[in-house]
Amino acid sequence: MAALTHARYGKDNIRLYKVHRNPDSTQSVTEMTVCTLLEGDIAASWTAADNTNIVATDTQKQTVYVMAKLHPVNPPELFGSILADHFLQQYPHISVAHVSIVVHRWARMSVDGAPHPHSFVRDSDEKRVVEVVARRGQGLSIKSGIKGLLVLKSTGSQFWGFHRDEYTRLPETWDRILSTEVEAGWNWRAFSGGLEEVKKEVEGFDKAWEDARKITMETFAKENSPSVQNTMYLMSEQILASAPRVESVEYTLPNKHYFEIDLSWFKGLKNTGEDAEVYAPQSDPNGLIHATVTRQDVASSKL
Ligand SMILES: O=c1[nH]c(=O)c2[nH]c(=O)[nH]c2[nH]1
C-alpha cells in the first residue's frame with residue numbers, strides 16, 4: 001500500500017515587470033521572478049484523478065499578474081504577503097501558500113553625470129530574495145535575503161591555527177585573497193496578525209535589506225578576517241542589532257579559492273608568498289561555510 005504523505009504544487013519562474021510612472025515624469029521599474037506553491041485539501045488529484053480542488057497553475061500565474069496590477073510590488077515582502085494571503089482568502093480548501101520572489105537589479109543609469117529618467121542597467125547578478133509562507137490561522141512568516149553578491153578582497157584575510165594531522169597539507173597563512181558569493185537570509189518574527197501586521201512593518205523591509213548589504217560589504221572590507229566562519233558571525237550579529245524584528249540570520253558563503261602559482265621553473269621567477277602576483281582562480285572545489293545566528297532570547301526560548 002502507498003500513501004501520499006506530502007503534496008504541494010504551483011507555478012515556478014513567473015517573470016514579471018512593472019513600471020511606475022512618477023509624478024515628476026521619471027519612471028521606476030521592477031523586474032522579478034515569482035514562484036507560488038499551494039498545499040491543502042488537494043490529495044484527490046494525486047490519488048483519485050479528481051481535479052475539483054486544483055487551482056490550476058495557470059490560474060496562479062494569472063493571479064500574480066492581476067495582483068501586480070492592483071497592488072504595489074515593492075517591497076517584495078509586502079507583495080509576497082499580498083499574494084500568499086490572497087490564495088488563502090480566495091480558496092477555503094487551501095491551507096498553506098508559499099510565495100518566493102527573486103528581484104533582479106535594474107539600477108538607474110547615470111548619463112551626462114545625472115540620473116536618467118527612464119534608462120537602467122543590470123549592474124550586478126545580485127538578487128534580493130523573499131520567501132513568504134501563509135498558514136491558515138497562523139498568519140504569515142517571512143524570510144528575506146540576498147543572493148549572488150560576489151565580493152573579493154586582495155589582502156586582509158588570514159587562516160591559521162586550524163587543526164593539523166597527517167591528512168593536512170594546507171599551510172597557515174596570515175595574508176590571503178578572500179572571495180565569496182554572498183547568500184544571506186534573515187527571518188522575521190512571525191506576523192501572526194497576517195497582512196495588516198506586515199503592512200505596519202513595510203518600511204522595515206527595505207531598511208533591513210539596505211543595512212544587511214551595507215553590513216555585509218563593510219565587514220568584509222574592514223575586518224582582517226581570521227576565517228570565513230568568524231566573518232559571517234560578525235555580519236550576523238550586526239544585522240540582528242540593526243533589525244529588532246529579525247529573529248535569526250543565516251549566511252552561506254562559498255570560499256572561492258585563488259591558488260598561488262610557483263613560477264620558479266622559469267628563470268627563477270619569484271611568485272609565491274610576499275612575491276605572489278599572478279594567481280590561478282579555482283572554480284572547484286570550494287569551501288562552503290554556513291551558519292544560523294539567532295537572537296539570544298529566541299534561542300533560549302527554543303532550548
Ligand atoms: O576561512 C576558512 N575556513 C575554513 O574552514 C577553511 N578551510 C580551508 O581549507 N580554508 C579555510 N578558510
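Note that the numbering runs from 1 along the sequence shown for the chain. Just so it is clear, the model here is predicted, and its values are computed rather than measured. Numbering of ligands and ligand atoms starts at 1, following listing order.
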Any chance the side chains of Asn286 and Gln282 put a donor and an acceptor closer than 3.5 Å?
no
Between the side chains of Thr216 and Tyr251, is a donor N or O closer than 3.5 angstrom to an acceptor N or O?
yes
Does a donor on one side chain sit under 3.5 Å from an acceptor on the other, for Arg176 and Ser157?
yes
For Glu274, does the CD atom sit with more than 12 other heavy atoms under 6.0 Å from it, leaving out its own atoms?
no
Considering only N or O atoms, set out every pair between ligand 1 and the protein closer than 3.5 Å, with distances to one decimal place.
| from | atom 1 | to | atom 2 | distance (Å) |
| --- | --- | --- | --- | --- |
| ligand 1 | 1 (O) | Arg176 | NH2 | 2.9 |
| ligand 1 | 1 (O) | Val228 | N | 2.8 |
| ligand 1 | 3 (N) | Gln229 | OE1 | 2.9 |
| ligand 1 | 5 (O) | Gln229 | NE2 | 2.9 |
| ligand 1 | 12 (N) | Arg176 | NH1 | 3.0 |
| ligand 1 | 12 (N) | Arg176 | NH2 | 3.4 |
| ligand 1 | 12 (N) | Asn255 | ND2 | 3.3 |

Listed by chain and number, what are the salt bridge (Lys or Arg N to Asp or Glu O under 4.0 Å) partners of Lys153, not counting sequence neighbours?
none
Can you see whether Gln238 engages Asp211 through a side-chain donor-acceptor pair at a distance of less than 3.5 angstrom?
no
